[in-house]
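One structure is given below, encoded as structure tokens.
Throughout, a chain's letter reflects where its sequence line sits, starting with A, and its residues are numbered from 1. From a predicted model like this one, the values you see are computed outputs, not experimental measurements.
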Amino acid sequence: MDLTLNIQLNLRNPTSDTETSERVKAAGNRKKAATETIEEAWARILTMKNSDADQAKLYEVKAAMQAGTIGRFPADASKRFSKAEALRMHRELAERQREETLRRMVEETPDNYELILTREQLVDLSAHLMAEDIVAVDTETTGVDVYTDVIVGMSFSLPNADRHVYIPVDHSAETPQLSLEYVLNTLRPFLQHEAIGKVLHNAMFDIAMFRRHGSDLKGVVWDTMTSMHLLNENENDRALGGVGSFKLKDLAPKYLGVASDTFDALFGKNAQFREVPLDLALVYAAKDTHLTWRLYQFQREHMAKMPTILEYYQSVEVPLLYVIVDLEANGYILDLDFAKEYGEQLHKRAKELSAELIATLTPYHDGEDLINLNSTQQMRPALSKAIGKELPNMDAKKTLKPLKGEHDVIAKLLEYKNITKLSSTYIDALPLKQNPTTKRWHSRFNPMGTVTGRFSSGKDEEDKTDQGFNAQNQPQEARPMFVAPPGKVLVGADFKAQEIRCVAYLSGEPVLIDAFLEERDPYAMMASNFYKRPYEEVNKNPDGSDTKERKQMKVVWLATLYGMSDYSLAEMLGVSKKEATEFKGELFGSMPKLSAWLAANDEFAKKHGFVWADKQARKRRVPDAKLKRKHIPYGKWNDPKYEDAKKHNSRIGRALRQTTNARVQGSSSIQTKVTMIRAHEYCVKKPGWSLWATVHDELIFEVPEDFTREEAQDIRNIMLNSYRWGDDVPNGTDIEVMRRWGEGIPVEEWFKSKEESE
DNA sequence: ATTCTGAGCCAC
DNA sequence: AAACGTGGCTCAGAAT
């Protein structure tokens, strides 16, 4: 209601022409009296130290004043003209522009945009929807919590009929509207029609929203947001030419040449769409599906030129959307008693440590206030003085840990940091994120959240409820908070050595392939090959622990996969750089096919500016790989003249480090996603079964606790056979059963102990 | 008062 | 010179 009033008020503009000219006149009169003219004031204000944003605003106001469109506020006119006043005038200017934009939007509403308000209109629309092949769909809601918020309207773009409609169902306008229930019932044949395609921007949100209101949205064939990720995963990155986001409003200007204002810019920050007047709601909402449709056509055309990507998108990423909606909706149960008890333990210990640390460090702290143990800025100088040694930074692993044995204060600080991180980020924070509607905890899994194709997990950009959390970085200590529902258990299945198997397949390296064929540990196999010693001897120590050689091989392996320099490798292994270089040289000398593959990845990227994931399903564009290195003469490294050259070269280095990793991580993510789709298909056929989570190389299921050996075997088959690395490299999996996350026993043991207790 | 950035650290 | 890939969250401190 507020907004409607505002708009009406503002259309009867308070700063009418006569008033404006009066103000201009008043300002002019006072100008003579003042010691400073407006021109002088502007000169003074514009030479002040203003931020870029402020400076731009100031110029806008100056131009508007000169054009006579805005004058000084009468209340301010007696005072000296200040920057603050100019900025207040800018706010009025911006507000007028906003109103003008809204007025124009309504005035210029295209003829084929229609508001659907009556049963007759809806019945007619329904018939036309059923005659379409593909329709663009969007919902307008009260918020982004798909378990709590409600639909206030929905829009559709019908390409065959050339119509773009908005159906308000819960706007606070006085105009009578159709009820949501009636609309959903009438449109159900369309919404649930598998063969009538649906195109959306961020489809997971709308699928979940429709489901919440009791109507599945079937037949989604394209998501302009996820497909944009596939077409340009760097769209987020302005340094690589992206627009900085994957929002429809940001993509439309770039790819369709259509200017598009954001919701916030048009309606204000915390505006509710249901308060937007219907004529305005129509043009805004219908434009959304119209743009979605046009973006779809554009994307479709471009992806068709990359048929392997198109095939992957349609057969994996699109079906996956439904899988993730289910996975997220299933959610988690947390053991709040566990969290409370554990949290109290942590607080108690943190308090003790905090008191001791403050007592020790206060004499070395310069500030007036008590030293803040969480501030690296305060802690570094104080701690340096306390131990009599200048610390370069406060990095726990690199800087503090090596000094732990010598200085009790550092040992205590490390324990303190550990505990406070654990409690503030996980143990205390998670219990507060329970969803008010479902009473469960729901994380977000973004299937296109990374540039390589892995999932990211966390909260929604637009989410103001603070209920989201990253489910993929829960530390070992926090995982037991997550418990299986009553009568169920969690079954975790990982891809054993997923990325190394992937490398074995992509490179064709026989040393690696043989390791997997013989079901041997690849690190031990590499160690055996490298040190020319028997496999058993380098695999496990007599006490069952991992050998030094195997551990070292794992470090080197991962280092290489991620493009680590010899310098860093030496640091990590505790040897000289020369030794590290030799070590790597010999190791990879013993695996020529792998070495050739690594080199080929870089060469390909240098030539083409991108690399492929498996089966050319996905590209990772690294345009910086094509740049030519700039020469920096010896001894000039610290010359400021070469700052840009250094930056330039480090971009190239970074791009080349990304190539191999992107191929491996990208291909592995495809394996995980395909397997998830198969796993989901299996779950929907089994009462009580659901997918619970995925953590990159791992799937976790929620299943009835009386699940059978046969069903466990089904899970194994799904893991091993849904996506294979060619014919030569077998997959591997370990399956475990848990009542609490992270406290698993091997599935065989689970069945054995069950039989024994019977 | 709100938003942004960097340091640091959790996961794979 | 920099030196390990992909993410997200919290806190401090600065910027707006």
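Taking the six-membered ring where tryptophan is involved, the planes of Phe604(A) and His608(A) are tilted, since the angle between them lies from 30° to 60°.
When all heavy atoms of Leu594(A) and Glu509(A) are compared, the closest pair comes out as N-OE1, 2.9 Å. Closest non-hydrogen pair, Val664(A) versus Cys502(A), comes out as O-SG, 3.9 Å. Here the closest non-hydrogen pair linking Pro447(A) and Glu317(A) is CB-OE1, 4.1 Å.
Along DNA chain C, the nucleotide closest to Arg620(A) and the one closest to Ser375(A) are compared, and the more 5′ of them pairs with Arg620(A).
Going from the C1' atom of dC4(C) to that of dT5(B) covers 22 Å, rounded to whole Å.
As judged by a 4.0 angstrom heavy-atom cut-off over every strand, Thr660(A) is placed among residues making no nucleic acid contact. No engagement by Val664(A) is indicated, since no non-hydrogen atom pair under 4.0 Å with the nucleic acid exists. Looking at heavy-atom distances under 4.0 Å, Asn638(A) makes contact with sugar-phosphate atoms alone, never a base. Using a 4.0 Å heavy-atom cutoff across all strands shown, Gln498(A) reaches no nucleic acid atom at all.
The shortest distance between the side-chain N/O atoms of Ser565(A) and the OP1/OP2 oxygens of dA2(C) is not below 4.0 Å. Contact annotation: Gln378(A) reaches the phosphate of dG13(C) (side-chain N/O to OP1 or OP2, under 4.0 Å). One finds a side-chain N or O of Ser568(A) lying less than 4.0 angstrom from the OP1 or OP2 phosphate oxygen of dC4(C).
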Between protein and nucleotides 3-12 of chain B, map the contacts as a letter string: B base, S sugar-phosphate only, - none, heavy atoms under 4.0 Å, written 5' to 3'.
S----BBBSB
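Against DNA chain C, the stretch residues 642-657 of chain A makes heavy-atom approaches under 4.0 Å through Lys646(A), Arg654(A), Arg657(A).
The distance from atom CZ of Phe445(A) to atom C1' of dT6(C) is 16 Å, rounded to the nearest whole Å.
Relative to the ring axis of Tyr642(A), Lys636(A) does not place its NZ or CZ within 45° and under 6.0 Å from the centre.
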